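A short write-up of the structure that comes next.
Predicted model, so just to flag it, every value in this text is computed and none were measured.
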Amino acid sequence: LNEDPVNADGAYVVYWMIAARRTHFNFGLQRALEHAKDLNRPLLVLEALRCGYRWASDRHHQFLIDGMADNARRLDRKGVHYYPYVEPTPDAGKGLLAALAEQACVIVTDQYPAFFLPRMLQSAAGQVSVRFEAIDSNGLLPLPATEKDYPTAYAFRRHVQKILPDHLSDTPRDDPLKGLRLPEFDMSLKPIEKRWPVWECDDDRSASSLQSMPIDHHVGIAPVTGGEKAARDRLSRFIENGLSQYGDLRNSVEHDVTSRLSPYLHFGHISPHEVFAAVMDHQNWSTSHVFPKASGSRSGWWGVSEAAEGFLDQLITWRELGFNMCVHRRDYDRYESLPDWAQATLREHRKDKRSYLYSLEEFETAATHDELWNAAQRQLVREGQMHNYLRMVWGKKILEWTRSPEDALDVMVELNNKYALDGRDPNSYSGIFWCLGRYDRPWGPERPIFGKIRYMSSANTARKMNVTEYLERYSE
């Protein structure tokens, strides 16, 4: 991120953990440890949590703090100096990295192409005078492995099938801390810690420790524990109980067999490499597998069960398609990034009569006429997650019940990013914009309001699947 050299006379190596917030399958941590071993210096891991970003709330803070408690326990056992910091007020953390950099040999951090992180890294790079590296741990395909943004999942999948085999052997170590032998961290950071106090990590989820922070306390803590341990437990349960049924039931509201890993992937509590490795180990798959010619097909290319093929398509094609967009389009979160055909058809139907119009507050409080939509919104507000299929219907109805597609986008982004644990993520933006035509094609028959945008409805959903129990569970 800068042209400064490694300071061989520095006292320690810094790993600034901002996106890959875990101790396993982490290229950034692995790179920092390489520097520490080469320089024979201790490693300091800084994990900080800002409070001044948009949508900061008890929900997002607690999920991240859960992960910090996990990291504190593991790094302490491995003799790595861990510096957790939680901002008490906006911008209180300014200067902390620069202060640590004064005695650092080199700083390593995580590359991440979305939200405020790219701007934060650009700013930080100008505040330090030591080598500053950002390491990509985002997906199986390295971010620079594409030269453009792809308009459809099929086109991206075909590209992935051509080049991904060359990258599958380049994986992070399962446990980069295993057998670690580094010098003991024996220097005092008291002047720095006095200004930026170390956060006391524990397992308290009462939210009492968050009450003094200037964050949104109306978005309560979700009944989902964050952190690497919870993520790995969730992965194990999915492989044992859900994977075999994923192909047949992944869209079922009655039988939710989805992985529910998206919050952990978003906050970096688990690596896509680890998820991939666990699934393929379960499938007895080997890297010696001979791949067929790249065709863009959703099934058959990996040579595993149909259920596993379907899950891998979500984990790799659809998830990394969102990262591809964020890398190549700075306007990934803007209406203008929609395909030309989608903007044209929505423009033609902009003035179509809406049978219902709702305000942001009415959407947020689940005060529409549609009970299935209301139930999905209540699930989002209560749990920080929503059933995958209903999330698509949820977005389509917002388009139908707002004055303009731009208004619909604003409502979707606000509600998703405010309440969803996986909001603000490249993959999350893919889902929102898909409701408006991104990665899709024109559909017929042409309809009022939607034009040629794919249509979905609560009524059709209720006819296709049993939603009775879901409606009861998320009633008022």
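Side-chain contact check for Q62 and D66: at least one donor-acceptor pair (N or O, by modelled atom type) lies under 3.5 Å. For the 3.5 Å distance criterion, the side chains of Y474 and E383 qualify, holding a donor opposite an acceptor. Looking only at atom types and distance, the side chain of R438 has a donor-acceptor partner in the side chain of S337 under 3.5 Å away. Side-chain atoms of Q127 and S123 form a donor-acceptor pair, as typed in the model, at a separation below 3.5 Å. Under 3.5 Å, the side chains of T146 and N324 contain a donor-acceptor pair of N or O atoms. A donor atom on one side chain and an acceptor atom on the other are found under 3.5 Å apart for S288 and S286. E133 and T109 share no side-chain donor-acceptor pair at under 3.5 Å. Between N427 and D425, the side chains place no donor N or O within less than 3.5 Å of an acceptor N or O (distance only, hydrogens not considered). In summary, the side chains of Y470 and D256 do not present any donor paired with an acceptor at a separation below 3.5 Å, with no hydrogens or angles considered. Between the side chains of Y82 and E47, at least one donor-acceptor pair of N or O atoms lies under 3.5 Å. Counted by atom type alone, D58 and H217 present one or more donor-acceptor pairs between their side chains at under 3.5 Å.
Heavy-atom contacts from other residues, nucleotides or ligands closer than 6.0 Å to CD of E184 number 12 or fewer. Within 6.0 Å of CZ on R74 lie more than 12 heavy atoms contributed by other residues, nucleotides or ligands. The number of heavy atoms from other shown groups lying within 6.0 Å of CD (E254) is above 12.
Considering only heavy atoms from C-beta on, L164 comes within 4.5 Å of I316 through its side chain.
Checked against the 6.0 Å centroid criterion, the rings of Y389 and W394 do not qualify as a close aromatic pair. The ring of F311 has its center closer than 6.0 angstrom to the ring center of F238. For F156 and W318, the gap between ring centers reaches or exceeds 6.0 Å. If you look at H61 and F63, their ring centroids are not closer than 6.0 Å. Checked against the 6.0 Å centroid criterion, the rings of H60 and Y53 do not qualify as a close aromatic pair. The distance between the ring centers of F27 and H273 falls below 6.0 angstrom.
The cationic atom of K94 (NZ for Lys, CZ for Arg) does not lie both less than 6.0 Å from the six-membered ring centre of W196 and within 45° of the ring axis.
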Q) Given the rule in the side-chain contact (heavy atoms from CB on, under 4.5 Å) test, do Q314 and N388 qualify, once you have shown the distances and angles that lead to the verdict? A) CA-CA 11 Å; Q314 295 296 316; N388 288 353; over 6 Å; no

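The shortest heavy-atom contact between L46 and L96 is CD1-CD2, 3.8 Å. Across all non-hydrogen atoms, the minimal contact from Q379 to R260 is NE2-NH2, 3.7 Å. Pairing each heavy atom of H81 with each of E193, the nearest pair is NE2-OE2, 4.3 Å.
A salt bridge between K229 and D70 is absent, with no side-chain N of the basic residue lying under 4.0 Å from a carboxylate O of the acidic one. Comment: D110 does not engage R22 in a salt bridge, judged by the lack of any side-chain N to carboxylate O separation of less than 4.0 angstrom. In summary, D333 and R54 do not engage in a salt bridge, as defined by a charged side-chain N under 4.0 Å from a carboxylate O.
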